[in-house]
Amino acid sequence: MKKRLLILCLFAFGISASAQSYMGYFQDNYAGVQSVLFNPASIADSRFKTDINLFSISGSVQNDLYGVNLFDVYKDGYDFDTQSKVTPSSANNGQMNYDIMGPSFMFNIAPKHTIAVFTRARSITNITKINGSLVDQVKDGLDESPSFNFSAGNPNAVSHAWGEFGISYAAVLYQKNQHFLKGGLTAKYLQGGANGYVQGKNINVAFIENTGNPLAGTLISNGEISIGGSQDWENNEDYDFDSSARGLGLDFGLVYEWRPDYDKYDLSKAKPADNNFRDLNKYKVRFGLSVTDIGSINYKKSKIDTYNVSGIVNQQMIEDADNLYDFLNQHYTKTSTSKGVKANLPTALHADVDWNMYRKFYLNVNGDINMAPTDKLNGSTIANRVTLAPRYESRWFSFYVPVTYMEYSGMQVGSGLRVGTFFVGSGSILSNVISKESKAADFYLGLKIPVYEKKFKDRDEDGTIDKEDACKNEAGPAENKGCPWPDTDKDGVFDKDDACADVAGPVENKGCPWKDSDGDTLLDNVDACPSIAGPLENKGCPWPDTDKDGILDKDDACPNEAGLAENKGCPNLDADKDGVSDKDDDCPLIYGPAENRGCPKVSKAMLEQLRVEAKSIFFTTGKATLSEANKGETSGRLDAIKEILKNYPNAKFAINGHTDNVGNAKANQKLSEARAKAIMDLLIEKGVNPANLTSQGFGASKPIKSNKTASGRAENRRTEIVYLGNL
């Protein structure tokens, strides 16, 4: 068991830095907010209006000591000694990391300016310059090992976990003809988590076996070991979070695009439907260069112990030790102890070249170069690597096959895809399927909400986009809402310029003939009744009584409908046609039965819909303020309730608040009242008549389920809208 655990731990130390995951995906033009982690300049002039990351995770495994069949490692009976390939050297290496990206988003604040905000939790472990021959020699334990003498050199191990809150800004810096340059900068607030490190200097180890008594074998060593961490791991086994461990980080980058067909994307020639070509990738070749993770976290409480490990111990002493600290303190001299250390970030240089081969097919070459020293105490690093990744890319789907050479683990081939809101992939999955000597493994997946830039529709190609075009299938000028100008009288004068649109006339008379057919002194072009004489004040027409109700049209408020003199010539109106005269109708614009004074009755279906909508309104725990996490959904629910209530202007509704029985009864009563009033105030703010609403809280007095279960209490924490009757 000790032997199997030792080898699994050594292989696990091969998980690589997060900047080396998402292989093939980072360079996708639809990578969105994730791309800012590789190069902050990439989000400027993006294909997104906004991109919201809900959750994504990445990690990768690599080392240069053990090669295994990953799909056989966890099978019963798997033997590392015989089934794995060990490639020892005097300086073997490995890395481990996980990167979780929490709620994050990016959006364009102006055509040439973009910002992103992201949250991350990261963990990285580095082991460098470990003598693999020594590891292979003692993998079965010293009692099974023949005599040996090795120089362990200067091994270094670091494990570090921290959180990040980053804000990125990117902008277009230069644009002229085929040249396009953009730059970006990310500032990060760093919160330290857990940190531990071990470093050796000039370590030599020799073992003399005792064939008569394996536990009496002698281990001779010399050199120096420094060991430390973010807390006193020696005396405190429980983790104590140190909120004072903080730092700042910085990323910056540039992206240059060569656009040989720049004249196709000239904004001065863009049509409204083109949407300024924001939906198109316009480059033939793209070059990117960035430096990430400049910065460090200051662990002021970190304890560093340094030991002179020159001495002789036997196998029995090693077996009796409870932990590394006990062993070092019991058998070697502690030469110094100090506090406070800075943990640097894994600073790296990233470069990529992206070639648009043909339409939606691309070929990308990108690489990472470590810029942090590998021999620094408590220093995190990445492994150097280069990746060649062909890909097919479209708005809602991308597929890529990255081929990578990694410094520690060699060549690996992976695959990944992006489908709508989901992406998943691995830079090593294909090679690991066929290889029995895998030295690396990685994966990534995520869920997001992308909102893309797109070209607008213009079916008749008249320059007026469909959503603003009143004649979508017939070309016309923008000033006429995309419709052609009519010429009803066919006199060559468009109706918009024709004072007599129905009568042909000369252009100089605005399309009207020069005559007075009825002899009433008004020319026909201005005579509303050119064949019948009438007074000037009625534009040449006699005063009519169209509806024959004895009231001339000039005095008739309803000239086409007979009515009463006392009603200005109008009949008693019934605007909503429900058989209830408007003067007796409480809801003159809404159809309703006479027995309810012309207003609709509140149905059981509507009450059920109100119950469902009210049930989905969420508050901050213990408060009467809406939950920020569900604020958008809650606002939508309130809008739906408003739309229902406005159909019942003569109805009275009560908003009732209820809680479970957890906590103080008086506090619950006040909380239920406050929540009910908060919803009432929000509905009034959205336009509901205050006269239609009341609010009341009942605390825990009216449960609908048992408060003895979590699900019952959840049901009892509710808001209800109850119909009280008509006003």
Side-chain angles (χ1 to χ4, degrees), residues 19-20 22-32 34-48 51 106 108 111-112 114 168 170-185 251-267 269-270 274 276-292 348-369 384-395 397-405 414 416-418 425 427 452-453 455:
Q20 296 174 278
Y22 296 104
M23 290 183 185
Y25 178 69
F26 264 140
Q27 289 71 36
D28 191 326
N29 287 295
Y30 296 95
Q34 269 78 21
S35 67
V36 79
L37 307 183
F38 185 84
N39 188 332
S42 61
I43 60 174
D45 188 49
S46 76
R47 307 288 72 79
F48 293 88
D51 182 55
M106 59 149 284
N108 297 317
K112 294 185 178 181
T114 306
S168 302
V172 177
L173 304 178
Y174 180 81
Q175 182 177 4
K176 185 176 182 181
N177 298 335
Q178 68 266 42
H179 304 296
F180 187 89
L181 180 68
K182 53 188 180 179
L185 181 71
D251 303 341
F252 65 90
L254 294 170
V255 173
Y256 168 79
E257 294 180 2
W258 180 55
R259 301 177 173 182
D261 298 325
Y262 66 91
D263 56 327
K264 292 182 180 179
Y265 312 113
D266 187 348
L267 295 182
K269 302 176 183 177
D274 292 329
N276 288 331
F277 311 110
R278 292 178 183 141
D279 62 311
L280 300 177
N281 292 326
K282 296 173 275 294
Y283 65 86
K284 186 66 176 178
V285 182
R286 182 190 72 198
F287 301 89
L289 189 68
S290 64
V291 177
T292 62
L349 175 69
H350 310 283
D352 88 292
V353 180
D354 201 50
W355 173 32
N356 181 202
M357 297 184 294
Y358 177 73
R359 292 187 177 179
K360 297 181 180 180
F361 292 91
Y362 294 78
L363 182 64
N364 185 272
V365 179
N366 64 84
D368 304 321
I369 300 175
N384 299 324
R385 65 104 188 148
V386 63
T387 296
L388 177 70
R391 76 178 185 278
Y392 173 83
E393 172 186 295
S394 65
R395 182 182 298 171
F397 176 81
S398 292
F399 178 77
Y400 21 84
V401 181
V403 180
T404 302
Y405 178 80
L417 59 85
R418 175 183 56 83
Y452 300 114
E453 295 281 8
K455 185 175 182 178

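On a predicted model such as this, the values are computed, not experimentally measured, just so you know.
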Identify the heavy atoms of Thr114 and Asn108 that sit nearest to each other, and give their distance. OG1-OD1, 2.7 Å
When rounded to the nearest 0.5 angstrom, what distance separates NZ in Lys455 from CG in Asp279? 7.5 Å
Starting at OH of Tyr362, measure out to CE of Met357 and round the result to the nearest 0.5 Å. 10.0 Å
With sequence neighbours left out, the residues meeting side chain to side chain contact (heavy atoms under 4.5 Å, CB included) with Ala351 are Leu289
Taking every heavy atom of Arg47 against every heavy atom of Arg278, the minimum-distance pair comes out as NE-O, 2.9 Å
Could you walk me through whether Asn366 and Phe26 pass the side chain to side chain contact (heavy atoms under 4.5 Å, CB included) check? CA-CA 10 Å; Asn366 64 84; Phe26 264 140; over 6 Å; no
Minimal heavy-atom distance between Thr387 and Thr404, with the atoms involved, is OG1-OG1, 2.8 Å
Go through it in stages, so that I can follow the logic: the residues are Arg286 and Asn29, the test is side-chain hydrogen bond (donor to acceptor under 3.5 Å, both in side chains), and I'd like the CA-CA distance, side-chain angles, deciding distance and then a yes or no. CA-CA 11 Å; Arg286 182 190 72 198; Asn29 287 295; 3.1 Å; yes
Side chains of Tyr405 and Arg385 in contact at under 4.5 Å (non-hydrogen atoms): no
How many angstroms lie between CD in Gln27 and OH in Tyr400, if you round to the nearest 0.5 Å? 10.0 Å
Between Pro390 and Leu363, is any pair of side-chain heavy atoms under 4.5 Å apart? yes
Check the angle between the aromatic planes of Phe399 and Phe397 and answer parallel, tilted or perpendicular using the 30° and 60° thresholds. parallel
Salt bridge check: are Asp51 and Arg418 linked by an N-O gap of less than 4.0 Å? no
When rounded to the nearest 0.5 Å, the distance separating OG of Ser398 from CG of Leu417 is 9.0 Å
Criterion side chain to side chain contact (heavy atoms under 4.5 Å, CB included) on Trp258 and Asn356, from CA distance to verdict: CA-CA 11 Å; Trp258 180 55; Asn356 181 202; over 6 Å; no
side-chain hydrogen bond (donor to acceptor under 3.5 Å, both in side chains) evaluation trace for Asn281 with Arg259: CA-CA 10 Å; Asn281 292 326; Arg259 301 177 173 182; over 6 Å; no
Let me have the donor-acceptor pairs involving side chains of residues 172-184, under 3.5 Å, with sequence neighbours excluded, atom names and distances please.
from, atom 1, to, atom 2, distance (Å)
His179, ND1, Tyr256, OH, 2.7
Lys182, NZ, Ala44, O, 2.7

Provide the closest heavy-atom pair for Tyr265 versus Lys282 in the form atom of the first, atom of the second, distance. CG-CD, 3.6 Å
One pair to check against side chain to side chain contact (heavy atoms under 4.5 Å, CB included): Val353 and Val285. What are the steps and the verdict? CA-CA 7 Å; Val353 180; Val285 182; 4.0 Å; yes
Evaluate the criterion side chain to side chain contact (heavy atoms under 4.5 Å, CB included) for residue pair Val403 and Met23; output intermediate values, then yes/no. CA-CA 9 Å; Val403 180; Met23 290 183 185; over 6 Å; no
Looking at every non-hydrogen atom in both residues, tell me the closest pair between Ala41 and Gly253 and how far apart they are. CB-O, 3.4 Å
Side chains of Leu37 and Asp251: does their closest heavy-atom pair fall under 4.5 Å? no
Strictly distance-based, threshold 3.5 Å: is any side-chain N or O of Ser290 a donor or acceptor partner for the main-chain N or O of Phe38? yes
Let me confirm one number: the CG-CG distance from Asp266 to Asp261, rounded to the nearest 0.5 Å. 13.0 Å
Are side-chain heavy atoms of Arg391 and Asn364 found at a separation under 4.5 Å? yes
Between Met106 and Ile43, what is the shortest heavy-atom contact and its length? SD-CG2, 3.9 Å
With rounding to the nearest 0.5 angstrom, report the OG to CG distance, Ser42 to Asp28. 11.0 Å
For the residue pair Tyr30 and Tyr452, categorise the inter-ring angle as parallel (less than 30°), tilted (30 to 60°) or perpendicular (more than 60°). perpendicular
